[in-house]
Amino acid sequence: MEQQQNFEPLVESFYQVPTLELAKNLLGCILVKQTVEGTTSGIIVETEAYLGNSDRAAHGYGNRRTKRTEILYAKPGHAYVHLIHNHRLINVVSSMEGDPESVLIRAVEPFSGIDEMLMRRPVKKFQNLTSGPGKLTQAMGIHMEDYGRYMLEPPLFISEGKSPVSVKSGSRIGIDNTGEAKDYPYRFWVDGNPFVSK
DNA sequence: GTCGAGATTGACT
DNA sequence: GTCAATCTCGACT
């Protein structure tokens, strides 16, 4: 019995807050991706903030505006899909138009369309399905074609969810050789959730 | 046209 | 804990 409900996309003003605040607010919200095969969704349980101009670890650092980072300068609420090795990561563009800031979605907890996720990404441990930025994009079928998608309407959007009980923050992971930027406490997660990557 | 780098994952010791 | 895999973009010749 598959949960079938109508998701309500968040409104534009939700994204028009400081990036660090948006990163916290996104926890507990639901990421929804609709495909011809069906709808998959997951509760966001882990995020990271990337502050463009002042953050060396961010792709928008130093106002390097290229075709690849172009979407970071657009209005908040757009999807920035980035490729790394053979994996994809998904960010939500935040802050104001013209500021290359974004929030990386690092992990979600499967909510609906779980059968389809398992088909795309067969795993022995259910916990491994979406507990990482490259994992959730594979499970939910997010590709480069989703680059630049405006996440306020289907087929890719974020819906309001329940507020997490307890939120923690700390330093980001996976970004070495970026100097002091790696120690910034820009990572947020839902305390105790098994789908948080580490 | 060619070369190098990157916000990761999974398998193995 | 270490290490290799594999793809797109961006810079340079």
Side-chain angles (χ1 to χ4, degrees), chain A residues 15 18-20 22-24 26-27 31 33 42 44-74 76-95 99-110 117-149 151 156 158 168-190 193-198:
Chain A
Y15 300 96
T19 302
L20 289 173
L22 179 64
K24 277 183 282 190
L26 279 173
L27 294 175
L31 177 67
K33 172 72 198 282
I44 298 171
V45 297
E46 186 179 1
T47 60
E48 270 181 25
Y50 283 86
L51 274 48
N53 283 327
S54 55
D55 186 353
R56 228 196 110 179
H59 286 173
Y61 174 74
N63 257 21
R64 284 202 317 277
R65 187 168 184 162
T66 64
K67 183 185 171 188
R68 184 195 205 159
T69 57
E70 180 69 29
I71 198 67
L72 291 173
Y73 296 83
H78 283 87
Y80 170 47
V81 180
H82 172 245
L83 274 141
I84 181 70
H85 296 262
N86 38 325
H87 303 285
R88 293 170 279 282
L89 316 183
I90 181 168
N91 289 34
V92 182
V93 177
S94 60
S95 189
D99 279 339
E101 305 192 351
S102 63
V103 176
L104 166 67
I105 298 175
R106 284 198 63 88
V108 303
E109 175 182 337
M117 289 197 232
L118 283 170
M119 221 180 319
R120 288 205 188 96
R121 179 177 164 75
V123 287
K124 293 183 188 136
K125 287 188 178 178
F126 185 62
Q127 186 184 321
N128 280 340
L129 187 56
T130 55
S131 58
K135 301 177 190 175
L136 74 93
T137 52
Q138 188 190 355
M140 296 185 69
I142 293 168
H143 297 280
M144 275 313 282
E145 66 190 46
D146 293 308
Y147 176 94
R149 193 93 77 182
M151 298 174 75
L156 177 65
I158 294 175
K168 290 207 167 192
S169 66
S171 60
R172 294 171 293 187
I173 50 182
I175 46 169
D176 47 6
N177 77 323
T178 46
E180 59 195 26
K182 72 167 189 278
D183 293 324
Y184 293 171
Y186 289 171
R187 176 170 168 250
F188 303 92
W189 66 91
V190 178
N193 190 289
F195 290 93
V196 172
S197 50
K198 272 177 190 168

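Letters go in sequence order (proteins before strands), and every chain restarts at 1.
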Checklist entry - Which residue, A:Leu136, A:Val108, A:Val103, forms the side-chain contact (heavy atoms from CB on, under 4.5 Å) with A:Ile90? => result A:Leu136
Checklist entry - If you check every side-chain atom of A:Tyr50, which of B:dA7, B:dG6, C:dC9 has the closest atom? => result B:dA7
Next on the checklist: Without decimals, in angstroms, what is the distance between A:Ile84 CD1 and C:dG10 P?
Outcome noted: 14 Å
Checklist entry - How close or far is atom P of B:dG10 from atom NZ of A:Lys124, stated in whole angstroms? => result 11 Å
Checklist outcome for this item: Closest of B:dT9, C:dG10, B:dG6 to the A:His87 side chain is B:dT9
Checklist entry - Is there a donor on the side chain of A:His82 or the base of B:dA7 sitting less than 3.5 Å from an acceptor on the other? => result no
Next on the checklist: Tell me whether the side-chain N/O atoms of A:Lys67 come closer than 4.0 Å to OP1 or OP2 in C:dT8.
Outcome noted: no
Item to check | From B:dT9, B:dT8, C:dT8, nucleotide with atom closest to A:Lys135 side chain | outcome: B:dT9
Checklist entry - Across all strands shown, which nucleotide pairs with C:dT6 by Watson-Crick or G-U wobble geometry, both distances under 3.5 Å? => result none
Checklist outcome for this item: To the nearest angstrom, the CZ-C1' distance between A:Arg68 and B:dA7 comes to 11 Å
Item to check | Non-hydrogen side-chain atoms of A:His82 and A:Ser102 separated by less than 4.5 Å | outcome: no
Next on the checklist: My understanding is that a pair needs two contacts under 3.5 Å, Watson-Crick or G-U wobble. By that rule, which nucleotide pairs with C:dC12?
Outcome noted: B:dG1
Checklist entry - Nearest of B:dT9, B:dA7, C:dG10 to any side-chain atom of A:Pro133? => result B:dT9
Item to check | A:Asn128 CG to B:dT8 P, straight-line distance once rounded to whole Å | outcome: 17 Å
Checklist entry - If you check every side-chain atom of A:Thr66, which of C:dG10, B:dA7, B:dG6 has the closest atom? => result C:dG10
Checklist entry - NA contact type, A:Tyr80, heavy-atom cut-off 4.0 Å: base, sugar-phosphate, or nothing? => result base
Checklist outcome for this item: Hits for salt bridge (charged side-chain N to carboxylate O under 4.0 Å, His left out) against A:Arg120, two or more places apart or cross-chain, chain-then-number order -> A:Glu37, A:Glu116
Checklist outcome for this item: Rounded to whole Å, CZ of A:Arg187 lies from C1' of B:dT8 at a distance of 14 Å
Checklist entry - So do A:Ser94 and A:Tyr15 actually touch side chain to side chain, heavy atoms under 4.5 Å? => result no
Next on the checklist: Does A:Arg121 reach a base, just sugar-phosphate, or nothing at all? Heavy atoms under 4.0 Å.
Outcome noted: sugar-phosphate
Checklist entry - For the side chain of A:Leu104, counting heavy atoms from C-beta on, which of B:dA7, C:dA5, C:dT8 is nearest? => result B:dA7
Checklist entry - Is it true that A:Asp146 and A:Lys33 make a salt bridge, defined as a side-chain N closer than 4.0 Å to a carboxylate O? => result yes
Item to check | Residue pair A:Glu70 / A:Tyr147: nearest heavy atoms and the distance that separates them | outcome: N-OH, 3.8 Å
Checklist outcome for this item: Testing C:dC9, B:dA7, C:dT6 for proximity to the side chain of A:His85, the answer is C:dT6
Checklist entry - How close or far is atom P of B:dA11 from atom CG of A:Asn86, stated in whole angstroms? => result 12 Å
Item to check | Nearest-angstrom distance from the residue atom CG of A:Leu89 to C1' of C:dC7 | outcome: 13 Å
Next on the checklist: In whole Å, I'd like the distance from the CD atom of A:Glu101 to the P atom of B:dA7.
Outcome noted: 18 Å
